[in-house]
Amino acid sequence: MDVSSVLDGLNDVQREAVASPTGNILVLAGAGSGKTRVLVHRIAWYIQASQVSPYGILAVTFTNKAEAEMRSRIEVLLNRPAGGMWVGTFHGIAHRLLRSHWQEAGLPENFQILDTDDQLRIIKRVFRAMELNEGQYSPREIQWFINSQKEEGLRPQHIDTHGDPEQQLLVKVYQSYQELCDRQGLVDFTELLLRAHELFRDQDKVLGIYRQRFRHILVDEFQDTNALQYAWLRLLTGDSGAIFAVGDDDQSIYSWRGAQMENMQHFQRDFSGSSLIRLEQNYRSTANILNAANTLIANNSTRLGKELWTDDDTGEQIDLYAAFNEHDEARFISDRIATEKIRGDNYCHHAILYRVGAQSRVLEEQLMQSGIPYRVFGGMRFYERAEIKDALAYMRLAVFYDDDASFERIVNTPTRGIGQRTIEELRLRAKQENISLWQAAVGILNDRSLSERALNALQRFLELIMNTGRDISALELGEAMDVVIKNSGLVEHYRKEKGEKGLSRIENLEELVTAASEFDPDKEEYQEVVPLAAFLVHAALESGENQAETFSDYVSLMTLHAAKGLEFNHVYLAGMEEGLFPHQRSISDVVQLEEERRLCYVGITRARVKLTCTYTQHRRMHGTEYYPQPSRFLGELPKEVLNEVRLGSNISNHSALEALENATNNDGGFNLGQRVIHSKFGEGVILNLEGKGSNARVQVNFEETGNKWLVLAYANLQIQA
DNA sequence: TATCCGACCTTTTTT
DNA sequence: AGGTCGGATA
């Protein structure tokens, strides 16, 4: 077979990675170095040069988007569908395993997937039912606790509370939550991974099957793996398999959700005979941009080490603009985009990136005013929207009366006179008799054990659901969805909602009907018998990001996190300010600060030809005034690549470059994030530093009295130990 | 039972 | 500033 085409167009290092003998290989792939390319070519190499059957290949990604891209690129390269090969997200593959081996995994055959929102609802319910009022944890914190324990592979009985009552409380809620999920066959996202891991760990036979089958495992974005995913891969690979992992420790920005970039280091220790290959040639950015990125990231201490280089030109300098305030910042960026558009560079080549979602509003307002089309990425996803979840809950309940989660969700949406009292009654009865809420409702209707009014309302609800179930029993998915929505009364309900919001909800419901009719349940990863069940899994596992791809020309707005993996000719990094980026909450911790720096590295390396950084001298946020210092990350960029832009219209004589100088030599021994004590205001945290010498001022967030600006020379602040 | 008002909080996001 | 949540009120 002709294998040369698989290696065509690759550079030497890429070729080395693609054509390495089968074994454990870690590819340290810098931004824009062709990582997906290498991954895809490696698969083609296996199949075409090494005669590996696609059946023996497993390729794992994190997102549905990455999965789709990998699959389509493989098909283009091989010029045929990748039949028999498994390509999927960690969660998708875990789900597939659990569907096949539900018995060995200790699950009911028809287990349901809980999304984050469903999970939180259940935790709230469990938490309240336990009547543990003393706890100072919010349901959200408990959710976080449960998920992080699961990510560490820990069940309630494994957790050592050290006798700490707070910990014991958390473990107790975890336990009750898990018992409820087990009873009702509910599996949250992390549980998918945990069960899949336990399946491999405890069921030798099952593990044997997959070890035998998947001798060639490929993993994308390896730096984002958490402990569970790593352990699962380790089990699957064993000594017989070979793993080809691609990642970039410098782009690890998800530690806060369990990702462990140390897994990159552990790889070399845990996977025998592993080799490390560095992809450092960048095909995306100008030398100036790479220079900036390299210099910045060199400030981090925990790195495997890597330096990007390019054959490309030096390119333009990096522009730096010190805006007067956030409106000025938005105006500056939007003017720049308008100018570039006139020069012929379309809107779609521009992206405005920011640290927090709240920054988008001002930018949007300005773009709108300037008549520049834009699209904000991120935020609420299609299948996460309340109206969509409501409609799906109607659908689910109409088919599975005993689905308590759906029952609770829609029993009084739209409001139909079934209030807290009645629902409490149902829960009580369901619990006492160990039956579903639906059955409890039937029981109560028989006993007439509630007010006539409540009974009537309940009766009508049950009839509504039963009628809907009957109406749709013979229909196709799309038609069924349509009928469900019509019967539910959701459209009228949302029509009443004032303004734009209700309207878009109704549009979304229409879109859901379309999605249902276009849904193809025959894709091989859906092994369900019923198309409806397959559709519900689809709704739970795929957030629905890739719907409605418009082909118009627009500017992209998104957070730095959301920008990972993308590239644009022009990138604007807005809000390069201490306290915002690096974020306040990361400023006092070296480890977190290094992650912020990696985030900045990600941002810089998104730019192909031009990078523009902006910050403001004055920003209104959360209803308070801030006078931030320019981000330390700006100060870490090489001076020779920076070009300060000063506009005539900007009355202030503030110089960004001078401000950077000043920011780096803050005297007085005070730092951002430091805890201080004031004789009158008490304890607080430093939010902002400004000025030098006798003019030096600090903004302190006092626990008692809130934010205050103080002149250092008079404040007599003590640094708290 | 439904609705309204005020207290509270506020990073990043995928599955 | 803007959204969410829970308690008080109609």
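Chain naming here is simple, since letters A, B, ... match the order of the sequence lines and numbering starts at 1 in each.
Taking atom CG of L541(A) as the reference point, atom P of dT14(B) lies 14 Å away to the nearest angstrom. Atom CG in D117(A) sits about 15 Å away from atom C1' in dT14(B), given to the nearest Å. For N147(A) and dT14(B), the CG to C1' distance is 12 Å, given to the nearest whole Å. Atom P of nucleotide dT14(B) and atom CE of M380(A) are separated by 12 Å, given to the nearest angstrom. What separates CG of L458(A) from P of dT1(B) is a distance of 11 Å, to the nearest Å. Computed from coordinates, the R421(A) CZ to dA2(B) P distance equals 14 Å when rounded to whole Å. Rounded to an integer number of Å, the gap from Q223(A) CD to dT14(B) P is 15 Å. If you take CZ of R460(A) and P of dT1(B), they are 13 Å apart, rounded to a whole angstrom.
Along DNA chain B, the nucleotide nearest I423(A) and the nucleotide nearest T63(A) are compared for position; the residue whose nucleotide lies closer to the 5' end is I423(A).
Electrostatic pairing of D117(A) and R409(A) counts as a salt bridge here, judged by a charged N lying under 4.0 Å from a carboxylate O. With respect to the salt-bridge test (charged N to carboxylate O, under 4.0 angstrom), the residues E191(A) and R155(A) qualify. Ion pair E577(A)/R355(A) not flagged as a salt bridge, since none of the NZ, NE, NH1 or NH2 atoms sits closer than 4.0 Å to an Asp/Glu carboxylate oxygen.
In this structure, R99(A) is positioned above the aromatic face of F111(A), its NZ or CZ under 6.0 Å from the six-membered ring centre and within 45° of the axis. A cation-pi arrangement is absent between R381(A) and Y383(A), since the terminal nitrogen or guanidinium carbon is not both under 6.0 Å from the aromatic centre and inside a 45° cone about the axis.
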Letter by letter from the 5' end, nucleotides 8-13 of chain B scores (B base, S sugar-phosphate only, - none; protein heavy atoms under 4.0 Å) --BBBB
Per-nt protein contacts along nucleotides 2-7 of chain C (heavy atom under 4.0 Å; B base, S backbone sugar-phosphate only, - none) come out as S--SS-
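Between F519(A) and H538(A), the angle of the ring planes lies from 30° to 60°, which puts this pair in the tilted group.
Within a 6.0 Å radius of CH2 in W102(A), more than 12 heavy atoms belonging to other residues, nucleotides or ligands are found.
Residue T422(A) is in sugar-phosphate contact alone, with no base atom involved, counting any heavy-atom pair closer than 4.0 Å across all strands shown. At the heavy-atom level, N412(A) lies under 4.0 Å from the strands shown only through sugar-phosphate atoms. Using a 4.0 Å heavy-atom distance criterion, E384(A) is classed as a base contact.
Two rings, from Y615(A) and F633(A), have their centers 6.0 Å or more apart. The six-membered or imidazole ring of W256(A) lies near that of Y254(A), with a centre-to-centre distance under 6.0 Å.
For dT15(B), the base has a donor-acceptor partner in the side chain of T116(A) [N/O atoms by modelled type, under 3.5 angstrom].
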